[in-house]
2 protein chains.
Amino acid sequence: MHTPSLTEDQGISRIERLCIERGLKMTGQRRLIARVLSESSDHPDVEELYRRAIARDDRISIATVYRTVRLLEEKGILERRDFGGGRARYDQADRGHHYHLIDVDTGKVIEFADERLEALLGRIAGDLGFRLEDTRLELFGRRQPEAPAPVRPRGKPQRQE
Amino acid sequence: MHTPSLTEDQGISRIERLCIERGLKMTGQRRLIARVLSESSDHPDVEELYRRAIARDDRISIATVYRTVRLLEEKGILERRDFGGGRARYDQADRGHHYHLIDVDTGKVIEFADERLEALLGRIAGDLGFRLEDTRLELFGRRQPEAPAPVRPRGKPQRQE
DNA sequence: ATACTTGCAAAAGCTTTGCATTTTT
DNA sequence: AAAAATGCAAAGCTTTTGCAAGTAT
């Protein structure tokens with residue numbers, strides 16, 4: 001077994017494929033970030049992405065992570081989120097509409113989707129005379145201690161951070 | 001008619017009253033900010049509050065505006081919002097629950113309240129095993145040009161910026 | 001008199017950018 | 001070869017803070 005390097009590829013990650021589809025010039029750094037993102041199922045901030053990247057190969061600077069993440073956002077591959085705490089966090093864009101509930105005690109992020117919610121928001125905007133372009137929604141909650149046999153959520157929760 | 005000064009009061013503003021109730025030490029600067037806030041029905045950022053304040057009396061610094069606004073937030077008199085654009089904006093806390101729809105073309109902010117929405121969000125959180133502590137919701141929309149005789153909104157819109 | 005508030009300028013924290021150099025296409 | 005990406009350090013922005021001086025209770 002040998003150490004994978006920056007320029008050598010070992011299969012194309014999901015996000016790298018998206019980058020190629022959109023015609024991005026693929027450098028070793030971008031491949032590395034694409035791989036790190038593809039393997040992340042949470043919502044890392046730039047600092048964290050940078051940490052995960054240099055753990056694999058340190059020929060990358062944090063400026064490049066910032067630039068790449070912004071580029072991927074512009075290309076619709078990533079979505080920028082704000083969960084509080086002052087830094088932007090990133091989420092893969094193509095996992096279907098979902099929202100986030102942040103556990104205020106632990107900081108954990110729970111994703112959920114909900115069609116009733118989606119429909120209601122669209123209707124509200126429409127009633128005000130607007131076509132909904134974007135929704136920013138974060139719920140902050142505290143785990144219910146007295147949970148009376150936790151009901152199965154209807155909103156198909158997707159993944160936890 | 002004469003020029004009102006920093007230390008002289010001309011009636012107590014709504015927000016000043018709240019400050020006093022919560023036992024804040026009332027300086028001329030705080031009275032000034034309280035008055036500016038009381039007379040604002042939009043969602044100013046700190047820079048804008050500072051501008052409005054010095055227009056009345058310039059014996060105040062922006063550091064004090066930052067400190068005061070933070071204090072008022074801690075005391076539950078103001079709520080901090082993020083409508084994009086990188087700076088925090090402030091909203092009086094006691095006007096009942098409402099949400100915001102931002103016109104992406106003009107930046108105008110429309111407030112609305114909606115009980116169905118409120119109920120649904122609470123239910124969603126509950127289904128996930130959480131008690132809802134706080135909601136951050138902003139809708140971004142574009143005015144519908146082909147508005148077929150604008151329907152009266154149901155969600156009792158409150159005020160416009 | 002004591003504890004708190006203010007101003008100023010400096011510092012912090014996140015993010016962007018200018019420029020010379022390297023890399024991709 | 002031309003166009004674009006990278007690294008580094010510097011700069012940008014909003015917001016916070018240390019400290020000496022001033023003010024409210």
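Below, read A as the first sequence line, B as the second, and so on, with proteins coming before strands; counting in each chain starts at 1.
- Checked by atom type and distance alone, the side chain of Ser38(A) pairs as donor or acceptor with a backbone atom of Ile15(A) at under 3.5 Å.
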Handout entry: Steps toward side-chain contact (heavy atoms from CB on, under 4.5 Å) verdict (Arg143(B), Asp105(B))
Key = CA-CA 8 Å; Arg143(B) 202 137 229 151; Asp105(B) 294 316; 5.6 Å; no

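- The CG atom of Leu24(A) sits 11 Å away from the C1' atom of dA4(D) (whole-angstrom rounding).
- With Arg30(B) contributing its side chain and Lys25(B) its backbone, the two residues share a donor-acceptor pair below 3.5 Å.
- Contact annotation: Gln29(B) does not reach the phosphate of dT23(D) (side-chain N/O to OP1 or OP2, under 4.0 Å).
- For the pair Leu49(B) and Thr68(B), the minimum side-chain heavy-atom distance is 4.5 Å or more.
- We find that CZ of Arg59(B) is positioned 14 Å from P of dT6(C), with the value rounded to whole Å.
- One interatomic measurement links the two molecules: CE of Met26(A) to P of dT22(C), which rounds to 22 Å at whole-angstrom precision.
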Completion exercise
The contact string for nucleotides 14-20 of chain D, one letter per nucleotide 5' to 3', using protein heavy atoms under 4.0 Å with B, S and - for base, sugar-phosphate only and none, comes out as SBBBB--

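- Using a 4.0 Å cut-off, no side-chain N or O of Ser61(B) falls inside it from OP1 or OP2 of dC8(C).
- Ring planes of His100(A) and His98(A): perpendicular class, angle over 60° (limits at 30 and 60°).
- Under a 3.5 Å cut-off, the side chain of Thr135(A) and the backbone N or O of Leu137(A) do not form any donor-acceptor pair.
- Bending across the helix from dA1(C)-dT25(D) to dT25(C)-dA1(D), expressed as the angle between its end axes from five pairs apiece, amounts to 40° (10° rounding).
- Atom CD1 in Ile33(B) sits roughly 11 Å away from atom C1' in dT5(C) (whole-Å rounding).
- As rounded to whole Å, 14 Å separates atom C1' of dG7(D) from atom CD1 of Ile54(A).
- At distances below 3.5 Å, not a single donor-acceptor pair connects side-chain atoms of Arg52(A) with backbone N or O atoms of Val36(A).
- Protein atom CG of Asp82(B) is 18 Å distant from nucleotide atom P of dC13(D), rounded to whole Å.
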Only pairs under 3.5 Å count here: list side-chain donor-acceptor contacts from residues 78-85 of chain A, not counting sequence neighbours, and write none if there are none.
| unit_1 | atom_1 | unit_2 | atom_2 | d |
| --- | --- | --- | --- | --- |
| Glu79(A) | OE1 | Arg81(A) | NH2 | 2.3 |
| Arg80(A) | NE | Glu73(A) | OE1 | 3.3 |
| Arg80(A) | NH2 | Glu73(A) | OE1 | 3.2 |
| Asp82(A) | OD1 | Gly84(A) | N | 2.8 |

Exercise for the section: Take Phe112(A) and Leu117(A) through the test side-chain contact (heavy atoms from CB on, under 4.5 Å) and record every step on the way to the result. Expected result: CA-CA 11 Å; Phe112(A) 67 92; Leu117(A) 178 56; 4.2 Å; yes

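- One interatomic measurement links the two molecules: CZ of Arg22(A) to C1' of dT25(C), which rounds to 20 Å at whole-angstrom precision.
- Of the side-chain N and O atoms in Thr27(B), one or more sit less than 4.0 angstrom from OP1 or OP2 of dT6(C).
- If you measure from atom CD1 of Ile60(B) to atom C1' of dC8(C), you get 14 Å, rounded to the nearest angstrom.
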